[in-house]
Amino acid sequence: MRHRILVVDDDLTVSDVVRRYLEQAGCEVQLAADGADGLAAIAAARPDLVVLDLMMPGIDGLEVCRRIRRQLPDLPVVMLTALGEEADRVLGLEVGADDYVTKPFSPRELVLRIRSVLRRTAAHTARPTVPAKLTDSTLIVDTARRIATRDGAPLSLTAREIDLLIFFMHHPGRAWSRSDLLDKVWGWQFGDQSTVTVHVRRLREKIETDPADPHRIRTVWGVGYRYDPLDEKAGQ
């Protein structure tokens with residue numbers, strides 16, 4: 001399948017390099033020079049994935065990502081950033097980016113990251129072992145439709161957040177390290193483990209009554225995280 005990738009970056013040199021490498025990898029690539037053009041391109045024809053620069057004039061990458069998440073929560077986003085501070089990288093993840101690559105970057109690494117995100121997205125329909133419905137008290141996930149509700153109200157989850165929630169609910173009671181979760185949920189053999197930390201925090205904010213005192217996603221000190229169902233029949 002020929003994937004359609006939208007690259008949104010005001011640096012035409014970077015856009016052209018990314019385009020050439022993605023086309024060599026068999027992708028169909030569309031370029032947008034700023035956030036407004038990127039949003040218009042997404043509205044006109046939804047791509048399979050968006051490569052999005054963080055720092056742009058006008059509507060910056062963070063705001064573009066926020067709007068994508070409100071309108072198309074399942075659309076994968078890989079953020080490009082020239083900022084080296086961890087806080088800036090984490091901010092991109094917090095607004096819903098699935099992954100990020102810091103400039104200057106290896107175009108080959110970017111292609112590998114994009115392939116990983118697309119592989120993970122495509123795998124959702126190819127996992128018959130996951131039940132069609134996962135239930136934990138009032139938290140319910142329709143895994144086929146990728147919709148989650150809590151107390152009857154829909155939850156606004158990014159594609160990666162619902163991946164993580166499904167994985168946790170399908171494997172309750174076991175402690176997973178951050179590297180385990182990067183491998184099992186992200187499909188990465190390497191990567192920044194703060195990615196997991198950020199997504200767990202965001203997920204807690206949406207499924208826990210008190211995110212500061214979580215009862216479902218527990219921190220296992222020295223290991224990582226464990227999902228403890230409120231409902232004994234969760235995952236059945």
Side-chain angles (χ1 to χ4, degrees), residues 69 73-74 76-79 86 89-101 112-113 115-144 146-150 155-236:
R69 285 293 162 254
D74 288 336
V77 175
V78 175
M79 191 81 79
E86 181 179 354
R89 300 196 300 270
V90 168
L91 185 57
L93 296 171
E94 287 182 334
V95 298
D98 294 277
D99 195 5
Y100 69 87
V101 177
L112 289 173
R113 293 292 186 95
R115 283 177 171 168
S116 174
V117 172
L118 289 170
R119 234 182 359 254
R120 201 72 200 173
T121 303
H124 299 322
T125 58
R127 279 190 274 177
T129 57
V130 178
K133 183 178 180 182
L134 294 168
T135 303
D136 176 15
S137 185
T138 62
L139 177 63
I140 300 171
V141 179
D142 182 330
T143 62
R146 294 177 56 75
I147 295 173
T149 60
R150 177 171 172 259
L155 297 176
S156 178
L157 301 177
T158 67
R160 194 67 77 188
E161 287 167 359
I162 201 161
D163 287 345
L164 185 58
L165 179 58
I166 289 171
F167 183 82
F168 272 138
M169 292 182 70
H170 190 49
H171 300 89
R174 173 174 171 177
W176 300 92
S177 69
R178 290 171 179 82
S179 61
D180 286 336
L181 293 170
L182 275 178
D183 180 30
K184 301 293 186 182
V185 179
W186 276 256
W188 300 353
Q189 299 302 313
F190 62 93
D192 186 346
Q193 294 185 11
S194 67
T195 299
V196 177
T197 305
V198 170
H199 280 78
V200 167
R201 183 170 71 243
R202 286 174 55 85
L203 193 53
R204 280 172 169 166
E205 290 170 355
K206 298 174 182 181
I207 70 169
E208 300 281 4
T209 301
D210 180 3
D213 183 24
H215 286 187
R216 284 187 166 105
I217 304 178
R218 305 270 192 173
T219 297
V220 181
W221 299 108
V223 180
Y225 303 102
R226 183 186 68 240
Y227 188 89
D228 288 343
L230 302 184
D231 184 345
E232 293 180 356
K233 297 181 180 180
Q236 301 300 315

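None of the values given here were measured: they were computed from a predicted structure. Just the heavy atoms: all of them, side chains too, but no hydrogens, waters or symmetry mates, feed the values below.
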**Complete:** Nearest heavy-atom approach of Gly224 to Arg178 is CA-NH1, 4.1 Å
**Message:** Applying ring pair (Phe, Tyr, Trp, His ring centres under 6.0 Å), can you list everything that pairs with His171, at least two apart in sequence or on another chain?
**Reply:** Phe167, Trp176
**Prompt:** Within the distance-only criterion (no hydrogens, no angle test), does the side chain of Asp98 pair as donor or acceptor with the backbone N or O of Val77 below 3.5 angstrom?
**Reply:** yes
**Complete:** Residues Val223 and Ala175: closest non-hydrogen pair is CG1-CB, 3.9 Å
**Rounded distance [0.5 Å steps], CG in Leu230 versus OG1 in Thr138** = 8.0 Å
**Asked** How many angstroms lie between atom CG of Leu134 and atom CD1 of Ile140, to the nearest 0.5 angstrom?
**Response** 10.5 Å
**Asked** Taking all non-hydrogen atoms of both residues, which atom of Ala148 and which atom of Ile162 are closest, and how far apart?
**Response** N-CD1, 4.3 Å
**Asked** Under the side chain to side chain contact (heavy atoms under 4.5 Å, CB included) criterion, do Arg160 and Asp99 qualify, and how do the steps go?
**Response** CA-CA 10 Å; Arg160 194 67 77 188; Asp99 195 5; 5.6 Å; no
**Item:** Given Thr209, Asp136, Asp228, the one that forms side chain to side chain donor-acceptor pair (under 3.5 Å) with Arg216
**Value:** Asp136
**Fill in**
For Arg146 and Ile166 the tightest heavy-atom approach is NH1-CD1, 4.2 Å
**Request:** List in chain and number order the residues that pass side chain to side chain contact (heavy atoms under 4.5 Å, CB included) with Ile217, two or more places apart in sequence or in another chain; answer none if no residue qualifies.
**Result:** Phe168, Val200, Leu203, Arg204, Ile207, Glu208, Tyr225, Tyr227
**Fill in**
Rounded to the nearest 0.5 angstrom, the CD-CG distance for Glu161 and Leu165 is 9.5 Å
**Asked** How long is the span from the CG atom in Leu181 to the CD atom in Gln193, to the nearest 0.5 Å?
**Response** 9.5 Å
**Asked** Below 4.5 Å, heavy atoms only, C-beta onward: do Leu155 and Val141 meet side chain to side chain?
**Response** no
**Asked** Between Asp163 and Lys184, is the closest basic N to carboxylate O distance under 4.0 Å?
**Response** no
**Message:** How long is the straight-line distance from OG1 of Thr143 back to CE of Met169, given to the nearest 0.5 Å?
**Reply:** 10.0 Å
**Item:** Heavy-atom closest contact (Lys206 atom, Ser156 atom, distance)
**Value:** NZ-O, 2.7 Å
**Prompt:** What distance do His199 atom NE2 and Leu157 atom CG have between them, rounded to the nearest 0.5 Å?
**Reply:** 10.5 Å
